[in-house]
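Have a look at the structure below before the remarks.
Chain letters run A, B, ... following the sequence lines, proteins first and then strands; every chain starts at 1.
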2 protein chains.
Amino acid sequence: MPNHLDNQLCFLLYATSKEIIRQYTMLLKPYNLTYTGYIAILALEDDEQITVKELGKRLFLDSGTLTPVLKKLEATGYVLRERSKEDERQMQIYLTKAGIEVRQKLPEVSRRVMKQLNITEQQYMQLKYVLQDILQNDLPIKDEKLGK
Amino acid sequence: MPNHLDNQLCFLLYATSKEIIRQYTMLLKPYNLTYTGYIAILALEDDEQITVKELGKRLFLDSGTLTPVLKKLEATGYVLRERSKEDERQMQIYLTKAGIEVRQKLPEVSRRVMKQLNITEQQYMQLKYVLQDILQNDLPIKDEKLGK
DNA sequence: TTAAATTAGATTGCGTACAATTTAATTGTG
DNA sequence: CACAATTAAATTGTACGCAATCTAATTTAA
């Protein structure tokens, strides 16, 4: 790999995540899940009702992306969407029994992908801590704009 | 950030790269460049003619993604696309003068984004080496299929 | 208390990504 | 040579991702 992009951290993140997501996508197909649907299900606790906004915060996604994903998860039978009675603007999302069941099978998918990555425990930890650090430190800038 | 996804390496890669690309996208707008157009220009050497396929190898992108990106770069005036005379199936891509000029300004964009990330030299190096490792070791699997 | 401001989610528009298919050119083989 | 197989790029179809806008509900403040 003899090109300038290898030195570009962003490109490495971009290319790596794309390729890993491609592997997830293949393994998730039997469950009728895309990667986005997968992380949405992972982000929901078994007996939890949360709003689209709260879910979006966990996933770093907005309603423009989430609404169609959640509608598809609902059509598949993994989640239910209900208008909140207290605040009709909000949509409450929660897992169905089928959603809870499929959720229990997902760690196996993740295990298979990670196995293919073939990285050491140390590399895994390094990546995890650095990325969590970037995500926490850098990204608040989005909402800060002019000192919110 | 109290959810299970923080432990998912893939999700951290996915969320981090998305958010960094969002920052690039904002800074690239004045140059009429998207992130994909940006990495395409970075991948081209000043006096080099390469095919869509070769460019796709460098960028981990296929013609389905690259063709429209390259057409837009051509419309903007940053690259030229010419059918190869030796092999009419191939499209030769190369930078125009305007492309070479804008290319020289791009390191400044990257510098500004990296500054915002606020990571240490050590973290940068760790990330870089681990990601290059994953990209080299894991991804050949795509083409191997049944022992190519 | 009601009109303005804010908020949540949905919608729209644009630009990727990528699998699968198509088209045209080239190569390999009988 | 001729035709099958392969190859490069383009096209098609599906699914994001996100900014911007829209709509309806709620909150704020005059």
Rounded off to whole Å, could you give me the CD1-to-P distance for the Ile50(A) and dA8(C) pair?
14 Å
Assuming nearest nucleotide by heavy-atom distance, tell me which of Asp62(A) and Gly37(A) is located more 5' along DNA chain D.
Gly37(A)
Anything under 3.5 Å between a donor and an acceptor, one on a side chain of residues 92-100 of chain B, the other on a protein residue two or more places apart or in another chain? List them.
from: Tyr94(B); atom 1: OH; to: Glu82(B); atom 2: OE2; distance (Å): 2.8
from: Thr96(B); atom 1: OG1; to: Gly77(B); atom 2: O; distance (Å): 2.5
from: Thr96(B); atom 1: OG1; to: Tyr78(B); atom 2: O; distance (Å): 3.2
from: Thr96(B); atom 1: OG1; to: Ala98(B); atom 2: N; distance (Å): 3.3
from: Thr96(B); atom 1: OG1; to: Gly99(B); atom 2: N; distance (Å): 3.0

Are side-chain N/O atoms of Tyr31(B) and Thr76(B) paired as donor and acceptor at under 3.5 Å?
no
If I take atom OH in residue Tyr24(A) and atom C1' in nucleotide dA17(C), what distance separates them, rounded to the nearest angstrom?
19 Å
Only residue of Gln104(A), Arg111(A), Lys105(A) satisfying side chain to side chain donor-acceptor pair (under 3.5 Å) with Glu108(A) is Arg111(A)
Please classify the nucleic acid contact of Thr36(A) as base, sugar-phosphate, or nothing, using heavy-atom distances under 4.0 Å.
sugar-phosphate
Relative to the 5' end of DNA chain D, which residue comes earlier, Lys72(A) or Thr65(B), by the nucleotide with the nearest heavy atom?
Thr65(B)
If each of Tyr14(A) and Val52(A) is mapped to the nucleotide of DNA chain C with the nearest heavy atom, which maps nearer the 5' terminus, i.e. the 5' end?
Val52(A)
Checking side-chain polar atoms at under 3.5 Å, does Tyr24(A) have a donor or acceptor matched by the opposite partner on Ser110(A)?
yes
Among dG9(C), dA10(D), dG17(D), which is the nearest nucleotide to the side chain of Thr67(B)?
dA10(D)
At under 4.0 Å between heavy atoms, what does Lys71(B) touch on the DNA or RNA strands: base, sugar-phosphate, or nothing?
sugar-phosphate
Give a yes or no on whether the backbone of Thr65(A) and the side-chain of Asp62(A) come within a donor-acceptor separation of less than 3.5 Å.
yes
For dT26(D), the Watson-Crick or wobble counterpart (both distances under 3.5 Å)
dA5(C)
Would you indicate what Thr25(A) reaches in the nucleic acid, counting non-hydrogen atoms under 4.0 angstrom: base, sugar-phosphate, or nothing?
nothing
Looking at every heavy atom in both Lys18(A) and Leu59(B), which two are closest together, and how far apart are they?
NZ-O, 4.0 Å
Separation of dA15(D) atom C1' from Tyr38(A) atom OH, nearest Å, is 18 Å
dG9(C) OP1/OP2 closer than 4.0 Å to side-chain N/O of Lys53(A):
no
Within residues 80-92 of chain A: residues closer than 4.0 Å to DNA chain C (heavy atoms)
Arg81(A), Arg83(A), Arg89(A), Gln90(A), Met91(A)
Please state how far atom NZ in Lys57(A) lies from atom P in dA8(C), giving the value in whole angstrom units.
8 Å
May I ask you to evaluate whether Thr34(A) reaches the phosphate of dT14(D), defined as a side-chain N or O under 4.0 Å from OP1 or OP2?
no
Polar pair under 3.5 Å, donor/acceptor by atom type, side chain Ser63(B), base dA10(D)
yes
Give Leu61(A) one of three labels, base, sugar-phosphate or nothing, depending on what nucleic acid heavy atoms sit under 4.0 Å from its own.
sugar-phosphate
Exactly one of Gln126(B), Lys128(B), Gln122(B) should register a side-chain contact (heavy atoms from CB on, under 4.5 Å) with Tyr124(B). Which one does?
Lys128(B)
